[in-house]
Amino acid sequence: MKIATYNVNGVNGRLPVLLRWLEESAPDLVCLQELKAPEEKFPLQAIRDAGYHAIWHGQKSWNGVAILSRYGLPAEVTRVLPGDPEDLHSRYIEAEVEGITLGCLYLPNGNPAPGPKFDYKLRWFERFTMHAAELFASGKPVVLAGDYNVIPTEHDVYKPERWVDDALFLPETRAAFEKLLSQGWTDALRKLYPNETIYTFWDYFRNAFGRNAGLRIDHFLLSPAVDKRLKEAGVDKFVRGWEKSSDHAPVWIELKP
DNA sequence: ATGACGTCGTACCGACGA
């Protein structure tokens with residue numbers, strides 16, 4: 001089973017790229033982030049024609065998350081992150097598929113920091129960590145995939161010194177990620193490639209992709225039951241080189257049956 | 001310190017992203 005996550009940066013503007021990638025990479029399950037489309041503008045027909053069922057939580061202009069599945073309609077568990085009824089951002093959706101609980105997240109960027117946006121990021125992170133603890137305690141197979149907007153270590157950024165004041169790399173952000181991992185989750189890409197340079201995002205500016213000036217901010221966290229099945233993982237970096245690409249590249253894992 | 005670039009909305013610039 002191949003599971004992928006892809007921050008598409010606009011699901012409608014990105015539709016040709018998304019469909020081409022689905023065809024070429026052929027994931028079984030997909031988490032999408034940054035749909036940037038209201039609920040009713042999700043391109044369901046095109047996704048269905050590509051062979052996927054879908055659930056999604058849209059929002060006008062910003063955010064928006066979706067889960068695609070080749071197996072049938074994902075059984076939705078929740079489309080909000082618990083813990084704050086006032087939070088109206090579409091940043092989390094969770095479903096049960098093929099015996100796996102799949103959480104698709106788009107963690108807040110948090111810039112500029114310090115400031116209210118950074119405060120929101122840390123609050124959201126705390127809520128997510130609480131929810132993750134419950135999922136972990138269930139003992140079920142769980143995959144938490146998406147755009148975490150966290151550069152976990154200095155090995156996950158092309159030039160760490162340029163990012164020390166950035167919300168993606170500040171000590172509080174990294175500590176929050178560490179705290180989450182300490183529940184027992186496996187960072188799938190890092191586990192398989194402990195010493196590789198792995199990036200999942202390259203800025204549109206300054207020829208960042210050409211210079212490989214990237215960040216690793218899209219992550220797969222696996223509960224032990226899924227970790228045991230981890231066979232392979234990677235980044236579809238070639239997609240970032242396509243015309244009209246997102247600034248993120250798709251990331252995927254492959255699980256043994 | 002800023003802006004480079006790209007997306008979306010009601011839009012011919014501003015907000016936001018990372």
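Letters A, B, ... are given to chains in the order of the sequence lines, protein chains preceding strands, and every chain is numbered from 1.
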Single-linkage hydrophobic cluster, 4.5 Å side-chain cutoff, Leu15(A) and Ile67(A) together: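 Different hydrophobic clusters.
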
For a quick check of understanding: with a heavy-atom distance under 4.0 Å over all strands, which category does [X] fall into, base, sugar-phosphate or nothing?
X	value
Lys121(A)	nothing
Asp147(A)	sugar-phosphate
Asp247(A)	nothing
Ile217(A)	sugar-phosphate

Under the 3.5 Å Watson-Crick or G-U criterion, the dot-bracket string of DNA chain B, with | for inter-strand pairs: ....(((((...))))).

Are side-chain heavy atoms of [X] and [Y] found at a separation under 4.5 Å?
X	Y	result
Val226(A)	Leu230(A)	no
Tyr158(A)	Leu215(A)	yes
Glu154(A)	Trp163(A)	no
Leu255(A)	Ile100(A)	yes

Roughly how many Å apart are [M] and [N], using the [atom1] atom of each and rounding to a whole number?
N	M	atom1	result
dT7(B)	dC12(B)	C1'	15 Å
dG6(B)	dT10(B)	P	23 Å
dC8(B)	dG3(B)	P	23 Å
dC13(B)	dA1(B)	P	29 Å
dG14(B)	dA4(B)	P	13 Å

Listed in order of residue number, which residues of [range] have a non-hydrogen atom at under 4.0 Å from DNA chain B?
range	result
residues 30-40 of chain A	Glu34(A), Lys36(A), Pro38(A)
residues 154-171 of chain A	Leu168(A)
residues 6-17 of chain A	Asn7(A), Asn9(A), Gly10(A), Gly13(A), Arg14(A)

Crowding at CZ, Arg211(A) (>12 non-hydrogen neighbours, <6.0 Å):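 Yes - once you tally the heavy atoms of other residues, nucleotides and ligands closer than 6.0 Å, there are more than 12.
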
Identify each donor-acceptor pair in which a side-chain atom of residues 129-139 of chain A lies under 3.5 Å from a protein atom, sequence neighbours left out, and give them as a table.
{"from": "Thr129(A)", "atom 1": "OG1", "to": "Phe125(A)", "atom 2": "O", "distance (Å)": "2.8"}
{"from": "His131(A)", "atom 1": "NE2", "to": "Glu94(A)", "atom 2": "OE1", "distance (Å)": "2.6"}
{"from": "Ser138(A)", "atom 1": "OG", "to": "Leu135(A)", "atom 2": "O", "distance (Å)": "2.5"}
{"from": "Ser138(A)", "atom 1": "OG", "to": "Lys140(A)", "atom 2": "N", "distance (Å)": "3.2"}

Verdict with supporting geometry, Arg216(A) and Asp187(A), salt bridge (Lys or Arg N to Asp or Glu O under 4.0 Å): CA-CA 12 Å; Arg216(A) 189 173 77 97; Asp187(A) 176 343; 3.0 Å; yes

Atom pair CG (Asp147(A)) and CD1 (Ile217(A)), whose distance is rounded to the nearest 0.5 Å: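 Rounded to the nearest 0.5 Å, the CG-CD1 separation comes to 5.0 Å.
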
Steps toward side chain to side chain contact (heavy atoms under 4.5 Å, CB included) verdict (Cys31(A), Leu102(A)): CA-CA 9 Å; Cys31(A) 296; Leu102(A) 180 59; 3.8 Å; yes

His248(A) vs Lys41(A), nearer the 5' end of DNA chain B by closest nucleotide: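 Upstream on the strand: Lys41(A).
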
5' precedence on DNA chain B between Pro112(A) and Arg206(A) (nearest-nucleotide basis):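 Nearest nucleotide further toward 5': that of Arg206(A).
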
Lys36(A) and Asn9(A) side chains, donor-acceptor separation under 3.5 Å: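 Yes, side-chain donor-acceptor contact under 3.5 Å.
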
Boundaries of the chain A footprint along DNA chain B (any atom under 4.0 Å from a heavy atom):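 Terminal contacting nucleotides, 5' to 3': dG3(B) to dA18(B).
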
Heavy-atom donor-acceptor pair, Asn149(A) side chain to Leu107(A) backbone, under 3.5 Å: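 Looks like yes, one N/O pair under 3.5 Å.
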
Short side-chain to backbone donor-acceptor contact, Arg91(A) and Val65(A), under 3.5 Å: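 It does not hold such a pair.
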
Criterion salt bridge (Lys or Arg N to Asp or Glu O under 4.0 Å) on Glu34(A) and Arg14(A), from CA distance to verdict: CA-CA 11 Å; Glu34(A) 280 212 86; Arg14(A) 202 72 57 215; over 6 Å; no

Heavy-atom closest pair, residues Asn212(A) and Lys237(A):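 Looking at all heavy atoms of both residues, the shortest contact is OD1-NZ, 3.4 Å.
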
Evaluation steps, side-chain hydrogen bond (donor to acceptor under 3.5 Å, both in side chains), between Tyr92(A) and Asp87(A): CA-CA 11 Å; Tyr92(A) 188 72; Asp87(A) 181 6; over 6 Å; no

